[in-house]
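First comes the structure, then the notes that go with it.
All values below were derived from every heavy atom in this structure, side-chain atoms included, with hydrogens, water molecules and symmetry-related copies excluded. Residues: numbered from 1 along the sequence shown.
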Amino acid sequence: FFSRKRMAAAPEPVGTNFVADIIDEEIKSGKHEHGKIVTRFPPEPNGYLHLGHAKSICLNFGLGRKYAGRTHLRFDDTNPTKEETEYVESIMEDVKWLGGDWGDRLHYASDYFDTYYEWALHMIKNGDAYVDSQTLTEIRENRGSVSEPGKNSPYRERSVDENLALFEKMKNGEFPDGHCVLRAKIDMASPNMNMRDPVVYRIQKAHHHRTGDKWCIYPMYDYAHGQGDAIEGITHSVCTLEFELHRPLYEWFLDHLPVPCKPRQIEFARLNLTYTLMSKRKLLELVQEKVVRGWDDPRMPTLSGLRRRGYPAEAIQKFCEMIGVTKRESTVELEVLTNCLETVLQEKCSRRLAVLDPLLVTITNFDSEVELDVDGRKLVLTREIYIEREDFMENADKKFFRLKPDGEVRLRHACIIKCTNIIKDGEGNITSLEATWDPESKGGNPADGRKVKGTIHWVSKTNNVALEARLYENLFNKPVPSGLEDVNPDSLKVVTAYAEASLAGSKPGDQFQFERKGYFTCDKDTTADLMVFNRTLSLKDSYTKETGDKPAENKQRLSKKELAAQKAKEEEATGSPLSQCNFKVGKILECKPLEGSEKLYVEQIDLGEGEPRQILSGLQKHIALEEMQNRLVVVICNIEKKKLAGVPSDGMVMCAKIGEGDDEKVEIIDPPAGSVVGERVICKGHEEPPLELIKGKQLKKIFLPVVDELNTSDGCVARWKDLEWTTSAGVCTCKSIKGGGIS
């Protein structure tokens, strides 16, 4: 799953947490009290947790600790066909491992099935829900689209008594699966698709892992989880941004049911990480297609896979703390995670010598054994030793300071040796080396004071322990993988390695730094006959770091043209230029002319990030001040801050433009009514996560080419090329400019 490409600087300081900022303000205002903040982590038991869940675990349990409150663990087990006890147990293990302590506050949505049912009856009796006998296909077709309202069901006006009778029959199993559903009666013309009479209950005659066969109707997640929050007294229901458009429905249920309290839903940006998939469905495909060896395969981004790989919980906690909690969608580089891992492993791992790709060296003038004491453990230097094959180069350049013909090198903790002979097979492959040692160089320091630049590790051929080393690389070969088609066929290499004898008896979970090779963790597959070690994190090769090449005898160098093509291919894999730009719906909270300027407005724009951004735009001559107030706009959010007239501006408002000079006409691009502040403005097929920040040369390579192809249609619809710019509520438009540009 992960490979180490370079050694980078230590992690940056702790990231921001806008959720904590909100709670701080609520406590300050008296809305909540310190010690009474209640959060929850509500996984569905239909798969193993992954890194994305780790961010939520650390956030929710972290808030509980920060405010001396409490955090619940609640399994939203409302879909019996996909839930298993195996998943429940693994989730509990993962949460505990990451430091989540729920105490006696372990809950299940199924604990509240009776209450959910009674509240559904409450909605029916109040005329807020009805039994719909349309087929699921008809319901889907009549739901409409983002640009068209839905159609009312022909069963929408059933009487309360008829609905109660039908719902009772649903509960009693008198109808087959799919025969009818219970729907909330809200608004089929709502611009928010989630509010178009959502399904509340469906018939599902399936055995439940906790309630058995008591129920044959089950509540939908959107109905169950908000009411579970209310029952448990949750104050802050923290979830990822994909639930932002579900918040009106969350609040509608709370307003129409006799709940004991009304939690506040707050959405944050989910974790996107390069070379990683965070989809349970796609991770399940990897398991089912046997691409990996199960959910805890060390290449998987599951928490059980990371734990088996050798990731300490502290590394993931440090990572989650470092990236912070924001409302901005972005993709974190994998190296940020491995930096945190390296920091933790450096502090906890002791060093050992191990050779992964052995090349035999016979020290011809050495006939005895020398026992070396190294930090309390014993190494034995013998006549025959193993070194790494890459630590010898027959045709070496001047920057290669390891072993080479007639060259000297220092054996770590031991002595100086000199290569005197190369032994090859009939095909010219090097099979072993002969060398001599300097008896006056015990400990690695020659008596005459001569300088020997290179130091390599080694193990005795006769005094060692054999082990199976599993060398992992990235599971995917693209920075933004799509699925099985992007799997790296070389993500695992298994080799027989030899380590110093002190590793004998290592137990699963034991961790060491194999000097110059990386950090390794003893795997659970270890037996009395064979130890198995997983490479947790590799170390950068010093020669590779210096030259950019691997120390191979016939190394192939790429031309500048090939390197450029390779770089372009990597950039292409990160998504289209449009998807790399983060256009979002914003709302102007305040607008005023910039003092001393006849062109610029200073706007405070809400982008759903907790705090508004200050953005300057040159619209004074084109848009009246009163038209700017409380207006929805489209903002490019991930370009670096600039100063206009000496005033910082964090983003740009997108406008349609046509004509030049006195004939120039400018109009703001308007998101459709019902668009949610903070949601992305996208074109179909270009929904990949955006870059965190576009700056420097990227502005010319990414943002400006995108702007060049933004335009308005003959119908005043905003487009990129010929693709419509849309939000969840429909297409973005301008007032009257046809065939114009957008900038």
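- The side-chain heavy atoms of Leu164 and Val160, taken from C-beta on, include a pair separated by under 4.5 Å.
- Between Glu468 and Arg470 a salt bridge is recorded (basic side-chain N to carboxylate O distance below 4.0 Å).
- Pairing each heavy atom of Pro481 with each of Leu277, the nearest pair is O-CD2, 3.5 Å.
- Scanning both residues, Met170 and Leu182, for their nearest heavy atoms gives CE-N, 4.0 Å.
- In this structure, the side chains of Leu303 and Ile57 come closer than 4.5 Å at one or more pairs of heavy atoms.
- Once rounded to the nearest 0.5 Å, the distance linking NZ of Lys169 with CD1 of Ile203 reads 12.0 Å.
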Would you list the atom pairs, donor with acceptor, under 3.5 Å between side chains in residues 120-133 and any protein atom, with sequence neighbours excluded?
unit_1, atom_1, unit_2, atom_2, d
His122, NE2, Asn126, ND2, 3.0
Tyr130, OH, Asp197, OD2, 2.8
Asp132, OD1, Gln134, N, 3.0
Asp132, OD1, Gln134, NE2, 3.4
Asp132, OD1, Ser153, OG, 2.9
Asp132, OD2, Gln134, NE2, 2.8
Asp132, OD2, Ser153, OG, 3.3
Asp132, OD2, Arg183, NH1, 2.7
Ser133, OG, Arg158, NH1, 3.0
Ser133, OG, Arg158, NH2, 3.0

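- Between the side chains of Asp213 and His207, at least one donor N or O sits under 3.5 Å from an acceptor N or O.
- In terms of modelled atom types and a separation under 3.5 Å, the side chain of Arg70 and the main chain of Arg65 share no donor-acceptor contact.
- Inter-residue side-chain proximity for Glu473 and Leu492 is flagged as unmet; no heavy-atom pair is nearer than 4.5 Å.
- Using modelled atom types and a 3.5 Å distance limit, the side chains of Asn534 and Asp523 yield a donor-acceptor pair.
- Side-chain contact check for Tyr48 versus Glu86: some heavy-atom pair is nearer than 4.5 Å.
- Residues Ile323 and Lys55 come closest through the heavy atom pair CD1-CD, 4.3 Å.
- No donor-acceptor pair under 3.5 Å is formed between the side chain of Thr211 and the backbone N or O of Lys214.
- The nearest pair of heavy atoms linking Phe113 to Tyr201 is O-OH, 4.1 Å.
- Side chain of Glu83 to main chain of Thr78: a donor-acceptor pair is present (N/O by atom type, distance under 3.5 Å, no hydrogens or angles).
- Comment: Arg281 engages Glu285 in a salt bridge, judged by a side-chain N to carboxylate O separation of less than 4.0 angstrom.
- When side chains are defined from C-beta on, Thr727 does not count as touching Val676, because their heavy atoms never get closer than 4.5 Å.
- The shortest distance between side-chain heavy atoms of Asn194 and Ser728 does not fall below 4.5 Å.
- No donor-acceptor pair closer than 3.5 Å links the side chain of His686 to the backbone N or O of Cys683.
- Taking both residues in full, the closest heavy atoms of Pro312 and Leu341 are given as CD-CD1, 3.6 Å, listed atom of the first, atom of the second, then distance.
- Judged purely by distance below 3.5 Å, without hydrogens or angles, the side chains of Glu232 and Tyr112 pair a donor atom with an acceptor atom.
- Side-chain N or O atoms of Thr274 include one that pairs as donor or acceptor with a backbone N or O of Leu334 at under 3.5 Å.
- The main-chain N or O of Arg74 is never found under 3.5 Å from a side-chain atom of His72 such that the two would form a donor-acceptor pair.
- Residues Asp229 and Ser237 bring a donor and an acceptor atom of their side chains to less than 3.5 Å of each other.
- Side-chain contact check for Asn272 and Glu688: no donor-acceptor pair (N or O, by modelled atom type) lies under 3.5 Å.
- There is no side-chain donor-acceptor pair under 3.5 Å between Arg309 and Thr521.
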Pair Ser159-Asn163, side-chain hydrogen bond (donor to acceptor under 3.5 Å, both in side chains): steps then yes or no = CA-CA 6 Å; Ser159 69; Asn163 282 318; over 6 Å; no
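- Centroid-to-centroid, the aromatic rings of Phe476 and Tyr275 stay 6.0 Å apart or farther.
- Summarising the geometry of Ser491 relative to Arg299, their closest heavy-atom pair is OG-NH1, 3.0 Å, with the distance given to 0.1 Å.
- Here side chain to side chain donor-acceptor pair (under 3.5 Å) pairs that include residues 94-106, with residues two or more places apart or in two chains, are Asp94-Arg307.
- A salt bridge is defined here as a Lys NZ or Arg NE, NH1 or NH2 lying under 4.0 Å from an Asp or Glu carboxylate O, and Lys584 with Glu679 fails to meet this definition.
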Residues 253-270, side-chain donor-acceptor partners within the protein, below 3.5 Å, at least two apart:
unit_1, atom_1, unit_2, atom_2, d
Asp255, OD1, Lys262, NZ, 2.9
His256, ND1, Trp252, O, 2.8
Arg264, NH1, Glu26, OE2, 2.7
Gln265, NE2, Phe243, O, 3.0
Gln265, NE2, Glu267, OE2, 3.1
Glu267, OE1, Arg247, NH2, 2.8
Glu267, OE1, Lys327, NZ, 3.2
Glu267, OE2, Arg247, NE, 2.7
Glu267, OE2, Arg247, NH2, 3.4

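- Salt-bridge annotation for Lys205 and Asp177: absent, with no side-chain N of the basic residue lying under 4.0 Å from a carboxylate O of the acidic one.
- Panel note: side chain Asp510, backbone Ser506; no donor-acceptor pair is recorded below 3.5 Å.
- Counting only heavy atoms from C-beta outward, the side chains of Trp295 and Tyr87 approach each other to under 4.5 Å.
- Remark: the backbone N or O of Val38 is paired with a side-chain donor or acceptor of Thr235 at under 3.5 angstrom.
- Phe75 is not listed as a side-chain neighbour of Pro42, based on a closest heavy-atom distance of 4.5 Å or more.
- Between His225 and Tyr221, the ring center distance clears the sub-6.0 Å criterion.
- Ion pairing between a basic and an acidic side chain is recognised when a charged N comes within 4.0 Å of a carboxylate O; Lys318 and Glu321 show no such pairing.
- Checking side-chain atoms of Arg196 against main-chain N and O of Ile186 turns up no donor-acceptor pair under 3.5 Å.
- Separation of the His32 and Tyr67 ring centroids does not fall under the 6.0 Å cut-off.
- A cation-pi geometry, defined here as NZ or CZ lying under 6.0 Å from the six-membered ring centre and within 45° of its normal, holds between Arg210 and Tyr108.
- Note on Arg293 versus Asp525: no salt bridge recorded, every NZ/NE/NH1/NH2 to OD/OE distance being 4.0 Å or above.
- Contact check on Arg143 versus Glu138 returns no salt bridge, with no Lys/Arg side-chain nitrogen under 4.0 Å from an Asp/Glu carboxylate oxygen.
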